[in-house]
Amino acid sequence: MASLGAAEPAAASSADPLQYDLTTVVAKSLDRHLVFPLLEFLSQKQLYPAEDIESAKLELIEKTNMVDYAVDIYQGLNQTDEVPDSLVARRQEVVNKLRTLEGQVKTITDFLSNADNVRLLKQDKTQNQAFLQSEFGIGPDQVDALYHLAKWNFECGNYSAAAEYLHHYRSLSTHPDRCVSALWGKVAADILLQDFEAAMEDLLKLKDLLDLDTFAPVVKQLQSRSWLMHWSLFVFFNHENGMNALIDLFLQDRYLTALQLTGQHLLRYLSIAVVINKRRRNVLKDLVRVIQQEQYEYRDPITEFLRCLFVEADFDGAQAWLAQCEEVLDNDFFLVAAKEAFMDAARTFLFETYCRVHQQIDLAELAGQLGMDREATEKWIVNLIRNARLNAKIDAKAGTVVMQTETLGANDALLEKARGLSVRTFSLANTLVGILKA
Amino acid sequence: MPGFKLPAIDQNDEDWGPTTVPEAFRDVPFMPYSKGDRLGRIADFSQQASQRGYQGRYRDREILPGMAVFNFEKGEEDEAFELVDTRVVTYSSSVDIRPEWRVLGDAVPFTSLHKMSSRGHVFATDELVATLMASPRSVYPWDMVVTRRGDLLFLDKRPGSSLDYVTNGETSPDPIPEDRKLLDGLQQLSAEATAVHAAFRAQAYRYRRWALGDIDLVVRCGVDGALGSTEGGAAAAAAPALLAVHAFNEFDPKWSGIDWRSKLENQRGAALATELKNNAAKVAKWTAAALMAGVDVIKLGYVTRASPKSSEAHLLLGTQSVKPADFAAQMNLSMDNAWGIVRALLELCYDTMEEDGTYLLVRDPNKPQLRLYAVPTEASRAKAEAKKEAAEAEAPEAAAAPETPEEE
């Protein structure tokens, strides 16, 4: 009888909880503002010294317009009530610029605040441009100012205003590059406002735009795709249909190429999505192939778990890695909410594969491994058998699960072969007749 | 507890989105590749990005945007540079250009023909004038003899000229190779199309006359039939509708992608559109000729091979009638432009030709342009002899009476 050993493989021992932290890697492909939630999460988890995180926040914030927030952090860090002069001056500068920009776009905001006016706008942007110019005196300068105002508001942390201005800017502007940029900004604002429905919609729009722009330098396209994948993590792990969308996006040829060339760490998120999403078992093979290819570039407990299970058939190793996965997921901003689902699905994976290669499994031992009592284990197994369509029976008396293998009798096997032969002969004869006729 | 250091965050002051490119790929030529591919495949940067049915080893490869960087496009300004393997089918000239022939004027590039908008009498057949009119659409080489006698200008074919043949597949995106050994080679298909065409129609002639500025043009136009109304009433009393009859022929259903046997019933529009695409020059000639002859209806027949392997036996699958003017509009053939081309070329002839002489207008086999050669007297004499022989061999066409179209 086979048993599930619990021996730790050497590679998995003495794990450093931060060894697999991707925060700094992911942050490189994010907007400055999108890094805040990650830092916030790290400080909650208390994985790093609090002052390190706070100074990182300050460093991050200094280049934005969120002066008040910067002051808070500064005071907290330095244990003082003083406000540095540079920040006071900066605050004034920010407010002034905001006033100027608001003045410049007043005609547009007035126009847009009236719903009747907005209804006058047509699909055709050039037509709108002429219409606005002649009827309301709104020219390209004002539309540009709208964009700058959106950016300025965004930098101030005023994301809802930014999102609204960007929405209007996109409906008025004909500037191709700025329209793409505005959509990036809109996605960021949606994410920061935690409006994931809108974020999902805008993300897919952005993807379409990027996919259309095949004339951009190839390396730039690569970078854009890589960024899009990083940003999408915020959306996909918070959206109802996110796992499906993540698999769809990441496994598209162009995006998979970008992942393999510049963002191998994204494999973690792809792996999680595939494992959790039971309906997408068909992509597992592709995923495992990529994990194998990228083994030299990137490995973490999640990818190693899948590799051990599906490439090495090393159940002990897989189990040990799985134990580490829990911690990794716990400390990952994007994955913490998916932890339970992943662990469940991964366990199912493990035992399903295990059952497929063993004839008999001892229930008591299994119960011990799963940390459940015998009855619960039995129920769990029954469900598993039903869902995975395994051909298995539970021998209650011996306390074992017996896996049934399907083998054809010699007679049946011969009949099966013979049937195949007649079909083949028929098609060959048909082809021959076709050739002779021609 | 290990410390935390903020990595370099992309700083985008004005916009959103990435501003940098991945460090590893900065300033190097780069094309996306799949790590699962073999090295040879990854390194094969040079495949043609736009070739349909690429015959190389890596046919299934998605055409990636970066490939274009590595594909040489022969620019107009770079005359000295010739890409050795352009995968473009080349054709030999329709006439052996002799070194002693003198080139008259500059070559006439087709692009200039689109921009065009005198003195003497010109005689020609509808076929030749239509050839001139449709010349911007032609791909295969051709040539015609221009003879000047004082004020008179005659356009004529050489005996055995390529203009005697109806082409097939001339303007298709998949060029037909010029290979006499192939069943579906250029000459074979043309011979077949001509035979099919001849079997499908019978001609009478009417002579029509146009004034192009101060050039007086007389053209012998072919009319293939007339359609009288079988119903009584006033319509029957009116003149019968004049017909031009032409045949499309299909040699391999797989080649065009539209199998007439199965598609002609329900998707006649698609079959016609494919013919318009693959035989733009031929159809433009027919239409121009029909408009010149003033026929009311062009009858098009769809003829296919009884078996794709043999060019001997054919079947008529169906016919279709179109109005010449509508048809011209459909293929974007402007008669104004067409007459402009004729007039411009005739004026060129009058401008450059001496009083008496024989000249040859040749469509360059591989470049979209026309050239005018002055043929020295020896050559023209030999040609005249050859022409006489050919004329004796052929039935005298001129016997047909003008203005009396045959009844169908």
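The chains referred to below are lettered A, B, ... by the order of the sequence lines, with proteins before strands, and numbering in each begins at 1. Scope of the values below: all heavy atoms of this structure, side chains included, with no hydrogens, waters or symmetry mates.
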Note to self: Closer than 3.5 angstrom, by distance alone: can the side chain of Gln223(A) be matched with the main-chain N or O of Thr20(B) as a donor-acceptor pair?
What the structure shows: yes
Note to self: If I compare all heavy atoms of Lys28(A) with all of Ala8(B), which pair ends up nearest, and what's the gap?
What the structure shows: CG-O, 3.9 Å
Check: chain B heavy atoms under 4.5 Å from Ser224(A): which part of the residue, side chain, backbone, both or neither?
Finding: both
Item checked: Heavy-atom proximity to chain B below 4.5 Å, by part of Leu206(A) -> neither
Notebook entry, point to check: Looking only at heavy atoms, which two atoms of Trp227(A) and Gly17(B) are closest? And how far apart?
Noted result: CZ3-C, 3.7 Å
Notebook entry, point to check: Given that the side chain runs from C-beta out, which part of Arg178(A) has a heavy atom under 4.5 Å from chain B: side chain, backbone, both or neither?
Noted result: side chain
Check: chain B heavy atoms under 4.5 Å from Leu38(A): which part of the residue, side chain, backbone, both or neither?
Finding: neither
Next item on the list: Answer with side chain, backbone, both or neither: which region of Leu256(A) has an atom nearer than 4.5 Å to a non-hydrogen atom of chain B?
Entry: neither
Check: When you look at NZ of Lys220(A), are more than 12 heavy atoms from neighbouring residues, nucleotides or ligands closer to it than 6.0 Å?
Finding: no
Next item on the list: Would you confirm whether Ser181(A), through its side chain, and Trp16(B), through its main-chain N or O, come within 3.5 Å as a donor-acceptor pair?
Entry: yes
Checklist line | Side chain Lys35(B), main chain Gln260(A), donor-acceptor under 3.5 Å | finding: yes
Margin query: Within the 4.5 Å heavy-atom criterion, are Leu261(A) and Pro22(B) side-chain neighbours or not?
Written below: no
Next item on the list: Rounded to the nearest 0.5 Å, what's the gap from CD on Gln11(B) to CZ on Arg32(A)? Could you check?
Entry: 4.5 Å
Next item on the list: Please state whether the side chain, the backbone, both or neither of Ala150(A) comes within less than 4.5 Å of a heavy atom of chain B.
Entry: both
Check: Quick one: does Leu6(B)'s side chain get under 4.5 Å of Leu39(A)'s, heavy atoms only?
Finding: yes
Notebook entry, point to check: In terms of heavy-atom proximity below 4.5 Å to chain B, should Val219(A) be classed as side chain, backbone, both, or neither?
Noted result: both
Notebook entry, point to check: What's the shortest heavy-atom distance between Ile9(B) and Ala27(A), and which atoms?
Noted result: CD1-O, 3.6 Å
Item checked: chain A contact via Glu14(B) - side chain, backbone, both or neither, heavy atoms under 4.5 Å -> both
Check: Shortest non-hydrogen contact from Asp52(A) to Phe4(B)?
Finding: OD2-N, 2.7 Å
Next item on the list: Could you pull out the closest heavy-atom pair between Asp15(B) and Lys151(A), with the gap in Å?
Entry: O-NZ, 2.7 Å
Next item on the list: Name the region of Leu222(A), side chain, backbone, both or neither, that has any atom closer than 4.5 Å to a heavy atom of chain B.
Entry: side chain
Checklist line | chain B contact via Glu294(A) - side chain, backbone, both or neither, heavy atoms under 4.5 Å | finding: side chain
Note to self: For the OH atom on Tyr302(B), are there more than 12 heavy atoms of other groups (residues, nucleotides or ligands in this structure) within a distance under 6.0 Å?
What the structure shows: yes
Note to self: Which atoms of Glu297(A) are under 4.5 Å from chain B, going by heavy atoms: the side chain, the backbone, both sets, or neither?
What the structure shows: side chain
